[in-house]
Chemist: 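What follows is a structure written as structure tokens; I'll ask about it next.
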Number of protein chains: 2
Amino acid sequence: MSTLLEVARRAGVSIASASRALNGESASPRTVELVTAAALELEYVPDARARGLKRGATGQLAFGVADVGNHVYVEMMRAVEDAVRDASYRVLISSVGSTVETEVALLRSLASGYVDGLVISPLRVDAELLAELGRLRVPVVVVGLLPHPEGFDNVRANSAAGVELAVEHLLDTGRRRIGFVNGPEDTTPGRVRGRAFTAVCERLGLAELGVVASDFTFAAGLDAARDLLDRTTRTGTPLDAVVAANDLIAAGTYHAAAERGLQIPGDLAVVGMDDSALAAQLLPTLTSVDLGAAARGRHAAELLLARLRDPDRPTQSVVVEPALVVRSSTAGSPS
Amino acid sequence: MSTLLEVARRAGVSIASASRALNGESASPRTVELVTAAALELEYVPDARARGLKRGATGQLAFGVADVGNHVYVEMMRAVEDAVRDASYRVLISSVGSTVETEVALLRSLASGYVDGLVISPLRVDAELLAELGRLRVPVVVVGLLPHPEGFDNVRANSAAGVELAVEHLLDTGRRRIGFVNGPEDTTPGRVRGRAFTAVCERLGLAELGVVASDFTFAAGLDAARDLLDRTTRTGTPLDAVVAANDLIAAGTYHAAAERGLQIPGDLAVVGMDDSALAAQLLPTLTSVDLGAAARGRHAAELLLARLRDPDRPTQSVVVEPALVVRSSTAGSPS
DNA sequence: CTGTTAGCGCCTTCAG
DNA sequence: CTGAAGGCGCTAACAG
């Protein structure tokens, strides 16, 4: 409410001295005391816009995320926050929906001066989005697979390897009829995971039993899993395992199985992906492929900080390898 | 990257004309055309700080939330976003941790010019926080119980009534030994819910079997529920029902029950609070008290918009009443 | 150590 | 309808 000028007047010094006193620049003890007292009295709060305008930096970063309801992004976000804390940046989260238009609108708004840089994890990437990224006045790190990684700092999971880990683990536990509930294949992760499943089935001589959910959510996963279970049951050789493209879809699969009287893991083994908090919360606990959400967040933050320090450094791409976390949903052998 | 001045020069007009042309003020069609073309060519993006500094508004609101990992806040946030969309505000989310210091730091930073107003849902409220709220240069709506609601726009749940709904429902299904897993009692919701449980037990002549978790999280809920179940079992009259202070704690209770071979709902009925997405995702699905997260978010957004329009309007308090959502975790009678 | 001054990029009167 | 000029609040030279 009050400005620096008012503080300066009240302290009986110039505006420059007031600024210096409050920012710990060279100032006499007496000035500091006077100014601090005046600021306190007037409840002075510096205007961040003016400061940002002058300094060309805001001390804020943004994390743009496709679905705040998905716990995986929460883990990434926490990792980002932890990683930038020491550099004393604050992190704002922005839910961007899953369409390119909303994504672009967010970018425009944030990157026009409210933040010094951003990390985004888009579900869908197209030319328009990439063009917009290039136009931004602040550096951006993209988490997720890019058609042309060069040109952007980029962190991605190896979800193809993750799908392989899941399928191989199921084979190891004696499962043979393995279904796959994917997310939408017009998204980057959906496309990659779908292709990986096809490839691994071919390599291992398995029937490819897949279905596509309309979104990476619980509700969509439930619908898709119902469809897959019913379809395969009608053929006479029901599934004995399902790989889900993320943990929410796996949770939907649990419910579809329960509706049909199938026990997990006895009748049906389930493997999720992301190893989000939900995996440990479900009953039975969910075996899940950890795609390194926290590690991706940390790497993204570090790349961003590095670029902020040196805008001219070459762009860098980091790949995080997956790891299988075995829990109860794949225990034992098929009954 | 480019400034309005550069756009103006390229279009061969003055900076004032360029500003008017881009903002739809009076300008000749030819000027508009020239300026628009120049802006496009230079990939001009207006600097939000400068604009905000001049206009005194940013078009952004913030939602400060205690725990982004708790789905209840996701629902509130979505409701806030929906409610302010028509007024074309963008919403930023900020995770503030659960301490007063981090809360204050957030407020300082955001409210110093990056946003036009904010909604916060603090877990702990003390005099320092309230003082800080009063100092802010932007309006704030507090979601949660306030010691002195006057002075702030305020929305709150009636979680005491929610606890009563839960206990009465359990009595209706024939449960008699009802335990309560609360969250920390130095938080506002923890204190209110704890007192409500004590009161309802007294009123209905029930033994008060309570335990306090160290946080409103799954892990803390699991620990506390283990404790409660073991303690009551040792007394010879085990529990037949548990009320959890939120859905995450209820999920922890599921696991503690499973570890001890207790079936839900046969041996133990469980009621959660918040009716978050998790309630429908658990198996068996969780009966939960809907504390109106979405409604609270919507109300908070509307109060904020109203104050933004009229800073002098009297402050207002809204209470959202709870509703029980019955699912499988309380089905049937105790076995 | 202190005060004066020139902008950061933009919008908005005010003349023309 | 257009241009010139002032200032939003702050910081960083520059003199003193």
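Chain letters run A, B, ... following the sequence lines, proteins first, then strands; residues in each count from 1.
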Chemist: Could you state the atom-to-atom distance from CZ of B:Arg30 to P of D:dT2 in whole Å?
Modeler: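 Answer to the nearest Å: 10 Å.
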
Chemist: From CD1 of A:Ile15 over to P of C:dA6, roughly how many Å is that when rounded to an integer?
Modeler: 14 Å

Chemist: Round to the nearest Å and state the distance from B:Leu5 atom CG to D:dA5 atom C1'.
Modeler: 14 Å

Chemist: With heavy-atom distances below 4.5 Å as the criterion, would you say the side chains of A:Val318 and A:Asn154 are in contact?
Modeler: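 SC-SC contact between A:Val318 and A:Asn154 ruled out.
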
Chemist: Before accepting this row, confirm whether a basic side-chain N of the pair B:Asp186/B:Arg124 lies closer than 4.0 Å to the acidic partner's carboxylate O.
Modeler: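 A salt bridge links B:Asp186 with B:Arg124.
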
Chemist: Could you tell me if the side chain of A:Val320 sits less than 4.5 Å from the side chain of A:Leu291, heavy atoms only?
Modeler: no

Chemist: Pick the closest DNA chain D nucleotide for A:Asp47 and for B:Gly12 by heavy atoms, then say which residue is nearer the 5' end.
Modeler: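 Its nearest nucleotide lies further toward 5', so the answer is B:Gly12.
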
Chemist: The side chain of A:Lys54 lies closest to which of these nucleotides: C:dC10, C:dG3, C:dG7?
Modeler: C:dG7

Chemist: Over how many whole Å does the gap from B:Leu42 atom CG to C:dG9 atom P extend?
Modeler: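 Rounded to whole Å, this separation is 14 Å.
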
Chemist: Name the nucleic acid region contacted by B:Leu4, choosing base, sugar-phosphate or nothing; use a 4.0 angstrom heavy-atom cut-off, strictly under.
Modeler: sugar-phosphate

Chemist: Could you please name the option among C:dG9, D:dG3, C:dC11 that lies closest to any side-chain atom of B:Ala50?
Modeler: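 Within the option list, the nearest is C:dG9.
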
Chemist: Could you state the atom-to-atom distance from CZ of A:Arg9 to C1' of C:dG3 in whole Å?
Modeler: 14 Å

Chemist: Could you name each residue pair satisfying side-chain hydrogen bond (donor to acceptor under 3.5 Å, both in side chains) that touches residues 74-84 of chain A, not counting sequence neighbours?
Modeler: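 Matches after skipping sequence neighbours: A:His71-A:Glu75, A:Arg78-B:Asp67, A:Asp82-A:Arg85.
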
Chemist: Within less than 4.0 Å of OP1 or OP2 of D:dT11, is there a side-chain N or O belonging to A:Arg51?
Modeler: yes

Chemist: Using a heavy-atom cut-off of under 4.0 Å over every strand shown, decide if B:Ala16 touches base, sugar-phosphate, or nothing.
Modeler: base

Chemist: CD of B:Glu6 versus P of C:dG9: gap in Å, rounded?
Modeler: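 My rounded result for the distance is 8 Å.
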
Chemist: Atom CG of A:Leu53 to atom P of C:dC10: distance rounded to whole Å?
Modeler: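 About 9 Å, once rounded to whole Å.
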
Chemist: What do the steps show when you test A:Ser112 against B:Asp47 for side-chain contact (heavy atoms from CB on, under 4.5 Å), and what is the final call?
Modeler: CA-CA 5 Å; A:Ser112 61; B:Asp47 184 314; over 6 Å; no

Chemist: Would you indicate which nucleotide in C:dT13, C:dG9, C:dT2 comes nearest to any side-chain atom of A:Thr31?
Modeler: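 Output: C:dT2.
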
Chemist: Between B:Thr3 and C:dG9, does any side-chain N or O lie under 4.0 Å from OP1 or OP2?
Modeler: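 Result: no.
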
Chemist: Does the side chain of A:Ser19 get closer than 4.0 angstrom to OP1 or OP2 of D:dT11 through an N or O atom?
Modeler: yes

Chemist: Could you tell me whether the phosphate oxygens of C:dT2, OP1 or OP2, come under 4.0 Å of any side-chain nitrogen or oxygen in A:Ser17?
Modeler: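 Negative; the distance criterion is not met.
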
Chemist: Considering only side-chain heavy atoms of B:Arg55, which listed nucleotide, C:dG9, C:dC11, D:dC10, is closest?
Modeler: C:dC11

Chemist: Within this structure, what is the CG-to-P distance between B:Asn23 and C:dC10, rounded to whole angstrom?
Modeler: 10 Å

Chemist: Quick one: label B:Arg20 by what it contacts on the DNA or RNA (base, sugar-phosphate, nothing), any heavy atom closer than 4.0 Å.
Modeler: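 Base contact - B:Arg20 has a heavy atom under 4.0 Å of at least one base atom.
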
